[in-house]
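What you are looking at is a predicted structure, and each value in this text was computed from that prediction instead of being measured.
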Amino acid sequence: MFPVGRRILAYSLLLACLLLIVQHSNIQVALLKNRSLLELMRIWPAPDFSRTDLPCEGEALLPDMENSLSGILSAKPGDIRVSTHLGRVYWIEGRCDDALAIWRATASAGEPTAAYELFLRGQYDYLPHQSRRSLADMSYISALQLVLDEEYELAERWTGRAIELMPQREALLRLAYWYDKAGEVSSAKRLWQQMANAYQTSDPEHWFATAKAHEQESEWQSAAEAYTSGASLSAEPTEFWILAGNAWERVSASDAAIRAYEQAEYAGSPSVAARLSLSNVYRAIGQYDESIKWAGLAQQIEPDSFVPYHYLGLAYNSAGDYAAARLHFEKALELSPEEPWVSYQLARVWYYGLQQPSKAESILAQAIRYHSEPPASWWLELGDWRLVLDRCEAAEKAYAAARSAGADAEILRTTLTHFESICGQD
């Protein structure tokens, strides 16, 4: 019998030897893994927007690499990253089914690289939900970056993948916005058509996307009818009815627009957007009392928002009640002092309604300062008002700014002729 101290020392030495053996084995496995992966990465393409996937056609035989990765898995059976790379070796060797089987298993175990490989090959049914969400988000972001880089064909490819994987309305609205800014109407229309095809006709999202596709071609009546179809299927139809009303207004179908906005108002909770839309359309057809009524009802829902006061100002101004218009525009600016469009409308009330051009000129100049890209028409109007005030030098600066902002050449020529007749030429 060993004394107790000797037994403890013997056990300690034995444990230390075992740890050294295990550590040595782990180091060997790690070195083998790193060497194998470095070799694989030399022939496997890095992720890239324009990546063309390696065809599964037996491009090469890689027995040494296959044996190395298989050996690592024998030592560490749970290493899903190594399993994913073994699937890549199989793919290069033309063992397509074996590669897909490994990627499906490792993707299910939470390996994002395997999920990415399945995604690139359209194997969406085998992707876990979380992977689907992450890959769809990545694809939409990639598509948006490609649009900004004017790589429209590649952007459509990535958008198509994203829609197949997980249609997302908000992501498509962002993409469509930038397509529109770039003048890529056809690309935006195809985007919405793909979105529509991703849904059954019994789904309101099909009709939302269909309507957006019609809007790209300025087919407003067809868009309105599509939104109406979506509203009839949606559990929350308010937005569909408002969009239908907007489309009907585009074709001057005021009665149809009013009916759509009324449907939006009564579809659920009282809607500020529906009430303001009703105020707008009634103002456009000269029914100012109704316009004022609906803007006032909107103000009851959002008493601290500047927007209903803005609409009330517009309605009173159209009705010829300039004092009331001024009060409501000023109230809107109390709530949101740097709103350029409210300042612009207030300036017009002072100039055309209350006939105080000096006051109007200072407020219009303020509106221009607040606006990030003032319209050329604002600069022209400012120049005209300064001309009335005999401020020739200031008027000339405003007209120069109008030219820089892209004012119509013929209008600008006529304006400058009038300017020269009053102020003369240098």
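Taking the ring axis of F208 as reference, the NZ or CZ atom of R169 stays within 45° of it and closer than 6.0 Å to the ring centre. Both tests hold for R121 against W91: distance to the six-membered ring centre under 6.0 Å, angle to the ring axis within 45°.
Under the 30°/60° scheme for interplanar angles, the aromatic rings of W378 and H371 are found to stand perpendicular. Ring orientation note: the planes of W158 and F119 are tilted relative to one another, at an angle of 30° to 60°.
Screening L276, I301, T238, L278 for a side-chain contact (heavy atoms from CB on, under 4.5 Å) with S271, the sole residue that qualifies is T238. When each of W385, Y344, Y322 is paired with Y351, the ring pair (Phe, Tyr, Trp, His ring centres under 6.0 Å) condition holds for W385 and for no other. A ring pair (Phe, Tyr, Trp, His ring centres under 6.0 Å) with H310 is found for exactly one of W341, Y316, F329, namely F329.
For the atom pair CZ (F240) and OG (S232), the distance works out to 9.0 Å, reported to the nearest 0.5 Å. Going from atom NZ of K189 over to atom CD of Q194 covers 13.5 Å, rounded to the nearest 0.5 Å. One distance of note links CG of D64 with CG of L69; it measures 11.0 Å at 0.5 Å rounding. Of the inter-residue distances, the one linking I285 atom CD1 with E249 atom CD reads 9.5 Å to the nearest 0.5 angstrom. For the atom pair OH of Y152 and OG of S187, the computed distance is 8.0 Å after rounding to the nearest 0.5 Å.
Enclosure of atom OH in Y199 by more than 12 non-hydrogen atoms of other residues, nucleotides or ligands within 6.0 angstrom is indicated. Residue-environment remark: NZ (K293) exceeds the threshold of 12 foreign heavy atoms within 6.0 Å.
When only modelled atom types and interatomic distance are considered, Y399 and D384 share a side-chain donor-acceptor pair under 3.5 Å.
For the pair R326 and E330, the salt-bridge criterion is met [side-chain N within less than 4.0 Å of a carboxylate O]. Using a 4.0 Å cut-off between a side-chain N of Lys or Arg and a carboxylate O of Asp or Glu, R391 and E361 qualify as a salt bridge.
Taking the six-membered ring for Trp and the full ring otherwise, the centers of W248 and W220 sit at least 6.0 Å from each other.
Within the 4.5 Å cutoff, no side-chain heavy atoms of C392 are placed close to those of E396.
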